[in-house]
Amino acid sequence: MNKSAAKKRVDKLKRLINEYRYQYHVLNNSIMSEEAADSLKHELSELEQAYPELLSADSPSQRVAGEPLAGFKSAKHSSRMLSLNDVFDSEELGGWENRITKLLKLDTSKIDYFVDIKMDGLACAVVYEDGTLVQAITRGDGFVGEDVTENVRTIESVPLVLRETAKSKQFLKGRTEVRGEIVMYKSDFDALNKQRAKAGLPLFANPRNTAAGTIRQLDPRLVASRKLHFRTYDMLRDDNSELSTYEYVYEQLAELGFSVNADAKVVSNVANILDYAEQWQDKRHELPFNTDGLVVKVNDRRLYRELGVVGKAPRGAVAYKYAAEQATTKVKDIFVSIGRTGAATPVAMLEPVVIAGSTVQMATMHNEGEVARKDIRIGDTVIIHKAGDIIPEVIEALVSLRSGSEKKFIMPESCPECDTKLTKLKDEDAVWRCPNNSCPARTWRHIQHFASKGALDIEGMGEKNVQALLESGLIKDSADIFALSESDLLQLERFADVSAAKLIAAIQTKKSPPLERFIFGLGIRHVGVQTAIDMSQQFGSMEALCAATIEKLHDVEGIGEVVAESVVVWFSEPHNQQLLDKFKQNGCWPEHAIKIEGSLSGKHFVVTGTLHTMSRDEAAEAIRARGGIFQSSVGKETDFLVAGENVGASKLAKATKLGTTVIDEAKLVTLLK
Ligand code: IVH
């Protein structure tokens with residue numbers, strides 16, 4: 001290749017690699033696999049080596065990390081990097097609105113707000129001169145930070161040159177400063193810690209500290225090896241009037257090639273800010289990075305500036321913080337709880353503590369190994385975490401607060417409920433189980449599961465009623481429920497005429513349950529909702545399923561050897577056969593499944609990221625109702641990967657590798673029509 005051909009090729013390669021980067025980091029879209037992009041970068045580097053005069057600082061090859069630095073230089077910020085004052089509830093948010101409307105002498109209806117998720121990372125300012133990256137500075141004390149340009153260059157989501165479009169052109173002239181947060185994604189953090197655990201290295205505490213520690217590494221090669229992301233929220237120009245609102249700033253940031261939160265938006269009043277907060281209350285846990293709240297700003301940047309600064313924070317913005325999901329408390333005792341499948345889980349009994357609005361008295365510790373690894377002792381002060389509907393968890397013990405009287409937990413050798421010796425299964429060495437099928441704790445959990453929402457959904461058959469019915473001897477298993485009468489229930493103190501009649505009526509309506517719900521309700525190990533659906537679609541009736549061989553089960557898509565064996569073993573056990581007979585005698589037997597044929601028959605879907613028009617469960621139900629198959633992870637047979645907001649890069653990469661068609665939410669909605 002001669003020099004002029006090489007130059008043309010280099011220019012084209014640069015353009016395509018930059019487009020790949022933009023599509024991937026800004027639009028969550030993948031135009032080729034990571035491997036293919038790497039191969040183009042490799043070709044570019046080789047051409048630049050052959051023709052060094054073609055090499056420029058803005059080439060995508062120049063992200064490749066250079067030699068270690070001796071130290072960081074200080075660098076002054078063009079304007080102070082501020083922090084935010086916190087508000088914790090609607091009252092405090094209203095107070096803020098009152099103060100600013102008074103200061104601005106404006107009616108509340110005249111002020112719009114821009115709301116975004118507050119990311120938990122480290123602030124960084126990146127400076128471009130005539131469209132080319134020249135410097136990156138950490139926050140430091142707000143006035144002076146550290147020059148971390150070499151490290152920030154290795155972050156893929158930081159453009160080395162700004163993207164030129166008709167709309168963004170003006171920002172490629174002169175100085176453009178972009179501010180944002182450098183974050184490490186939760187999944188990358190977990191993977192990094194897993195690697196470290198394997199290598200026997202100490203674990204990192206959390207993604208934010210790891211990101212901050214990484215950016216301050218003197219060796220850019222190490223920085224390049226840890227995946228960091230730059231997500232932006234502000235832009236500074238010498239002439240302030242070029243950027244009228246935050247909404248416009250975000251539009252331009254995306255146009256220039258930066259990653260911004262696509263869900264950030266303008267709202268007109270405090271009530272709408274609170275709606276936004278509520279909308280993200282639980283959904284924020286699905287975001288790839290950690291967040292503990294929102295950032296609310298006055299959208300009009302002229303008004304924002306007019307409001308000025310008090311102390312270290314602008315008056316025109318606040319951080320709205322969600323209620324804390326962690327608290328500290330003391331472990332009063334550790335006991336073992338037996339689950340439906342016999343799993344013996346150590347549970348910490350706590351001094352009651354309020355977390356995220358509810359009182360927590362118990363927290364799980366998963367298994368014996370986890371208690372030992374975290375070294376949680378009776379009497380310890382511990383950190384508890386609770387988020388959304390998840391079961392509270394013990395995170396760690398505060399070892400420095402120990403008095404010496406704390407006691408180590410010893411796993412009992414036998415089941416605390418029925419005294420049967422606990423055993424470990426060969427494929428699960430972390431979990432002790434009670435092998436006694438008629439263990440009262442297992443029966444109790446099992447009946448609760450059978451009556452629960454995902455299975456038969458019998459209203460009024462909650463944990464307390466199940467317990468009372470078992471203790472009184474009125475039921476011994478889930479089939480006995482269907483032989484209960486009102487007069488039986490009235491023997492118990494918990495029931496009066498109305499409540500007894502109601503529960504019996506609820507039971508009567510569940511005598512011909514859908515096959516898949518009945519199968520799921522049986523609580524066969526390894527049979528979750530989807531497997532139950534797959535089996536009911538394949539076999540059509542309980543009789544056919546009972547007679548299924550391992551080979552036949554194995555033929556069902558999505559069922560592997562372990563599941564097939566577990567199902568066959570379950571149906572071969574005499575006590576389970578007796579249970580099924582009793583269901584029949586008591587008048588409860590599932591309907592035959594009708595094979596659903598619809599517009600999506602035979603098509604496999606995986607949904608990932610956040611959807612806006614429906615929840616994941618709703619999407620699954622809609623897909624299944626049209627004959628489609630809803631899967632939890634991408635495999636060879638997946639036809640469509642539905643990519644919502646904030647899709648994990650690994651899922652997209654896997655889909656690209658397997659040739660799965662990636663569609664967005666709008667396309668899914670069309671397919672469902
Ligand atoms: S706007 C005055 N938007 O939070 C600075 N900041 O506590 C207002 N942060 O310094 C910046 N996510 O480092 C803004 N979506 C977001 C943010 C965000 C995280 C950080 C930022 C800021 C700090 C203030």
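Start at 1 and go down the list; that is how both ligands and their atoms are numbered. Throughout, residue positions are numbered sequentially from 1 according to the sequence presented.
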Check: [X]/[Y] side-chain N/O donor and acceptor closer than 3.5 Å:
X: Ser168; Y: Arg163; answer: no
X: Glu146; Y: Ser74; answer: no
X: Gln135; Y: Thr149; answer: no
X: Glu645; Y: His612; answer: yes
X: Tyr233; Y: Asn261; answer: no

Parallel, tilted or perpendicular, as decided by the 30° and 60° cut-offs, for the rings of [Y] and [X]:
X: Tyr320; Y: Tyr322; value: perpendicular
X: Tyr304; Y: Tyr246; value: perpendicular
X: Tyr250; Y: Phe114; value: perpendicular

### Query
Looking at ligand 1, does Arg231 have a heavy atom less than 4.0 Å from it?
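In this structure, Arg231 fails to qualify as a contact of ligand 1 - no heavy atom is under 4.0 Å.
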### Message
For Ala317, state whether at least one heavy atom is located under 4.0 Å from any atom of ligand 1.
### Response
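Outside the 4.0 Å threshold, so no.
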### Which of the ligand 1 atoms, numbered from 1, are nearer than 4.0 Å to a heavy atom of Ala123
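Counting from 1, the qualifying ligand atoms are 13 (O).
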### Message
Within ligand 1, which atoms have a heavy atom of Pro314 less than 4.0 Å away?
### Response
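Going through ligand 1 atom by atom, the ones under 4.0 Å from Pro314 are 2 (C).
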At a non-hydrogen distance cut-off of under 4.0 Å, which region of [X] contacts ligand 1 (side chain, backbone, both, or neither)?
X: Arg139; value: side chain
X: Asp116; value: side chain
X: Glu181; value: side chain
X: Ala319; value: neither
X: Lys297; value: side chain

Quick one: look up the protein heavy atom nearest [atom] and list residue, atom name and how far away it is.
atom: atom 15 (N) of ligand 1; result: Ile117 O, 2.9 Å
atom: atom 12 (N) of ligand 1; result: Met119 N, 2.9 Å
atom: atom 4 (O) of ligand 1; result: Lys118 NZ, 3.4 Å
atom: atom 8 (C) of ligand 1; result: Leu84 CD2, 3.9 Å
atom: atom 5 (C) of ligand 1; result: Leu82 O, 3.9 Å

### Query
Any Lys/Arg nitrogen of Lys374 or Glu370 sitting under 4.0 Å from an Asp/Glu carboxylate oxygen of the other?
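Salt bridge between Lys374 and Glu370, a charged N being under 4.0 Å from a carboxylate O: yes.
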#### Entry: Salt-bridge contact Arg284-Glu286 (side-chain N to carboxylate O under 4.0 Å)
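A salt bridge is absent here (no side-chain N lies under 4.0 Å from a carboxylate O).
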### Query
Out of Tyr233, Tyr246, Phe289, who gets a non-hydrogen atom closest to atom 11 (C) of ligand 1?
Tyr233
